[in-house]
Number of protein chains: 2
Amino acid sequence: MEKVTMADVARAAGVSKSTVSQYLNKRYEYMGEKTKQKIEEAIKTLGYQPNFLARSLKQKRTSFIGIIVANITHYFSTEVSRAIEDFFHQHDLQAIVCNADDDPEKEKKYIEMLRAKQVDGLIIFPTGQNHDLYKNMVEQGYPVVFMDRKVEESLKVFSILTDNTESTYKAVQRFIDKGHKNIAFVVQPLRVSTRLDRLEGYKRALKNAGIEINPDYIVEADIPDMKAKLERLFSMEVKPTALFAANDRAFMAVVEFLKEKKIQLGEDLELIVFDNIPFAHLLDTPISFIIQPAREMGFKAAELLYEQIKQEDRTPEVFVFPSKMI
Amino acid sequence: MEKVTMADVARAAGVSKSTVSQYLNKRYEYMGEKTKQKIEEAIKTLGYQPNFLARSLKQKRTSFIGIIVANITHYFSTEVSRAIEDFFHQHDLQAIVCNADDDPEKEKKYIEMLRAKQVDGLIIFPTGQNHDLYKNMVEQGYPVVFMDRKVEESLKVFSILTDNTESTYKAVQRFIDKGHKNIAFVVQPLRVSTRLDRLEGYKRALKNAGIEINPDYIVEADIPDMKAKLERLFSMEVKPTALFAANDRAFMAVVEFLKEKKIQLGEDLELIVFDNIPFAHLLDTPISFIIQPAREMGFKAAELLYEQIKQEDRTPEVFVFPSKMI
DNA sequence: TTGTAAGCGTTATCAC
DNA sequence: GTGATAACGCTTACAA
């Protein structure tokens, strides 16, 4: 195993550790040409590999940043993460992606682990249940950016969101314009702000059109239970003619259900989904998607985090990126 | 920012650093109950968070492992990575995923970076162009497992592969059984073993059936150039009636092309793809997929790496997981 | 231009 | 049971 250390190189080159360190950090302004060469050679022959851990300990930065995703199975999350990774790769930082799996305990564990391992900052898709932790980080001035979901208003933090209510409102409006009256809304448990905001948009659109909100048309269920609830929805006397899926996972559940029941998309039912799915353009079905500008959002988050890491002070702000329907 | 260190806790609790360390490592066999409580209290009031970096430096392990993926845009890669992450999560190690983007230079950079940062081991989807580096790691006894693609035979390493040639052979055989004679093979540059092996299976199947291999039916191109080459393929006098896409990216390019040209899948052309794609089951098109047991492969790789990390010696071996067509 | 020595925050080995 | 003290491998004043 590797054991060659800077001291070995120094010895081999007949110089001191500090000189080697200078060399490694490319500070050869005032370095003798021969010293430089001797070091170079020693490194080669010994096969020396610097230990960044030791450096990090000293410098108090690891060039790692963490991304804690509430649920990685949302395509949106992976798109955003990828954008963040790309940004940091350009700045020679490495992103570490952790999946909290919608579990606040796991989220907590990850936040603590990453902080213990001294990552330089965190971008979090919050589960929303760890306010104290969030607050703690913010108060300590630890670089952090929240993504996708709101955290308690009182926390002064950088957040990146999309216009959930607005976009949903417009989409449902579209259904209404087309003459739909029986519009279903399918969503996972309303624990998080995105889902609540989208529901709000749905309700507002109906209200605005003078359509009564029928609670039976609002299907709230965990993915495993969704099928059963959909079963109930589609066995109602007055079946919905349009359906809004509040995210990609809900959408998947719906499509699977429809396939099974042989309900024809476009004919028996119109569908709008909040979120993009990979290869959406491959489907030649008449589904509309509300697409968040994932890459832009990711880049912005990365940029905001990077500024904090570089200690460029700036008051926290919430950035809202509008989504587009296609 | 956080600055509370073990020394602070020790001082506050009126004990020595070593005792605190004992406490943190849950070695309270021989620890006075009151000392324990004093430490506990000091930690609480100071809000002490241990610094794992320092510990890692001392213990020479970081509880990080790296995954270097040749190209993360292959769905297979993300499936495998996820399985690996899951495995290590159970063992309290964190995976760091890096995307080499099919670029050997980038791969090299990542390998060096991760090793410099002292990750405990590496699972690599090799680009294949960094033999010296690979060799170097193996010779130094650094824990490493190769995934998906073969590296030079001479290297005695753990590898996880699928039966590329066999599976392709069978698939093409199926085309032939159905009466197809003009079977195209679409692939990205034949730089890597998987693609070569799949091509080998294709050729063998044709040969075995006494069908002459027509080089014009073998489309080898980078994704951006693929469209042009497909254009050429489908403007031949004798158009292919069946097409084998050597991976998901090639498949995507093909489907886009077909859509544009309004060529009907199933009617004008039959399609088999090597690789799964997300939501494949949503498509109600008559496409066959050759699916690698990604999770199993990932778990196996993780397990093999973990054994190495735990210093459980074992001679390197190549594991071949059969794929299945659906 | 190069060397000395003191950290960085832990853990580990011994004494006591 | 607990505490000095020396590592771990590097960076960084400060000296020389």
Side-chain angles (χ1 to χ4, degrees), chain A residues 1-40 42-43 46-64 112-120, chain B residues 1-40 42-43 46-64 112-120:
Chain A
M1 210 76 168
E2 115 208 73
K3 19 152 69 101
V4 194
T5 153
M6 219 171 70
D8 299 320
V9 177
R11 207 172 309 122
V15 299
S16 81
K17 282 198 302 175
S18 10
T19 312
V20 178
S21 175
Q22 302 285 32
Y23 172 86
L24 288 173
N25 291 291
K26 304 193 197 306
R27 277 194 277 272
Y28 1 69
E29 289 104 68
Y30 307 109
M31 191 176 300
E33 190 54 37
K34 4 175 188 175
T35 343
K36 200 165 139 186
Q37 279 170 2
K38 275 190 297 180
I39 295 177
E40 208 152 334
I43 289 181
L46 293 178
Y48 168 70
Q49 304 278 140
N51 181 335
F52 268 73
L53 215 57
R55 153 195 286 219
S56 293
L57 179 58
K58 184 75 194 178
Q59 296 188 155
K60 296 172 178 314
R61 46 192 184 74
T62 55
S63 302
F64 277 131
E112 285 173 348
M113 184 269 279
L114 290 175
R115 291 204 60 189
K117 291 192 173 171
Q118 312 300 118
V119 304
D120 297 339
Chain B
M1 209 78 168
E2 116 207 75
K3 20 151 67 97
V4 194
T5 155
M6 221 172 69
D8 299 321
V9 177
R11 206 171 311 122
V15 299
S16 81
K17 283 198 300 175
S18 353
T19 311
V20 180
S21 176
Q22 301 284 34
Y23 173 84
L24 289 172
N25 290 289
K26 304 192 196 303
R27 280 194 278 271
Y28 0 70
E29 289 104 68
Y30 305 109
M31 191 175 299
E33 191 53 37
K34 4 171 189 179
T35 346
K36 201 164 138 185
Q37 278 170 1
K38 273 190 298 182
I39 295 176
E40 207 152 335
I43 290 182
L46 294 178
Y48 166 71
Q49 303 280 139
N51 180 334
F52 268 72
L53 214 56
R55 154 195 287 219
S56 292
L57 178 59
K58 186 75 195 174
Q59 296 188 155
K60 295 170 179 314
R61 44 191 187 74
T62 55
S63 302
F64 278 132
E112 286 173 347
M113 183 270 279
L114 289 174
R115 292 203 59 190
K117 291 192 173 172
Q118 312 299 116
V119 303
D120 297 339

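Throughout, a chain's letter reflects where its sequence line sits, starting with A, and its residues are numbered from 1.
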> Starting from P on dG9(D), measure out to CZ on Arg11(A) and report it in whole angstrom.
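Interatomic distance, CZ of Arg11(A) to P of dG9(D): 12 Å.
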
> Looking only at side-chain N and O atoms, does Ser18(A) offer a donor or acceptor that is under 3.5 Å from a partner on Ser21(A)?
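No, no side-chain donor-acceptor pair sits under 3.5 Å.
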
> I want to check one thing: is the phosphate of dG1(D), taken as OP1 and OP2, less than 4.0 Å away from some side-chain N or O of Thr19(B)?
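No, no such contact exists.
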
> How long is the line joining CG of Leu53(A) and C1' of dC10(D), in whole Å?
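For the pair Leu53(A) CG and dC10(D) C1', the rounded distance is 10 Å.
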
> Check the pair Phe52(A) / Gln118(B) against side chain to side chain contact (heavy atoms under 4.5 Å, CB included), numbers first and verdict last.
CA-CA 7 Å; Phe52(A) 268 73; Gln118(B) 312 299 116; over 6 Å; no

> Choose from dG3(C), dG9(D), dA4(D) the nucleotide whose nearest atom is closest to any side-chain atom of Ser16(B).
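Of dG3(C), dG9(D), dA4(D), dA4(D) is nearest to the side chain of Ser16(B).
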
> Once hydrogens and angles are ignored, does a donor-acceptor distance under 3.5 Å link the base of dA12(C) to the side chain of Ser21(B)?
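Side chain to base: no pair present.
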
> Does Asp120(A) use its side chain to pair, donor to acceptor, with the backbone of Arg61(A) at less than 3.5 Å?
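Judged by distance alone, no pair lies under 3.5 Å.
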
> Does the base of dT2(D) carry an N or O that pairs as donor and acceptor with the side chain of Thr35(B) under 3.5 Å?
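No, the side chain and the base share no sub-3.5 Å donor-acceptor pair.
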
> Please determine, by modelled atom types, if Arg55(A) and Asn25(A) share a side-chain donor-acceptor pair under 3.5 angstrom.
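Judged by distance alone, the side chains do pair up.
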
> Assign each of Lys58(B) and Val15(B) to its nearest nucleotide of DNA chain D by heavy atoms, then name whichever residue's nucleotide is nearer the 5' end.
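Checking each residue's closest nucleotide, the 5'-ward one belongs to Val15(B).
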
> Whole angstroms only, please: what is the CD1-C1' distance between Ile43(B) and dT10(C)?
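Result: 14 Å.
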
> Let me know the distance between NZ of Lys17(A) and P of dA7(D), rounded to the nearest Å.
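So the two atoms are 12 Å apart, to the nearest Å.
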
> Between Arg55(A) (CZ) and dC8(C) (C1'), how many Å, whole number?
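That distance rounds to 14 Å.
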
> Taking the side chain of Lys60(B) as heavy atoms from C-beta outward, which of dT1(C), dC8(D), dT12(D) is closest to it?
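For Lys60(B), the side-chain atoms sit closest to dC8(D).
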
> Starting at atom CE of Met6(A), determine the distance to atom C1' of dT11(D), rounded to an integer number of angstrom.
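Value for this atom pair: 7 Å.
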
> Just by distance, do the side chain of Lys117(A) and the backbone of Ser56(B) share a donor-acceptor pair under 3.5 Å?
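No; judged by distance alone, with no hydrogens or angles, the pair does not exist.
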
> Where the side chain of Thr5(A) is defined as all heavy atoms beyond and including C-beta, which of dA12(C), dT2(D), dG9(D) is the nearest nucleotide?
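Of dA12(C), dT2(D), dG9(D), dG9(D) is nearest to the side chain of Thr5(A).
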
> With a cut-off of less than 4.0 Å, is there a side-chain N or O of Asn25(B) near OP1 or OP2 of dT11(C)?
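Indeed, a polar side-chain atom of Asn25(B) lies that close.
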
> Would you indicate, yes or no, if dT10(C) has its OP1 or OP2 atom less than 4.0 angstrom from a side-chain nitrogen or oxygen of Tyr48(B)?
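Yes, such a contact exists.
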
> Report the distance from atom NZ of Lys26(B) to atom P of dT11(C), rounded to the nearest whole Å.
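Roughly 12 Å, once rounded to whole Å.
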
> Whole Å only: how far is the CD atom of Gln118(A) from the C1' atom of dG9(C)?
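These atoms are roughly 9 Å apart.
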
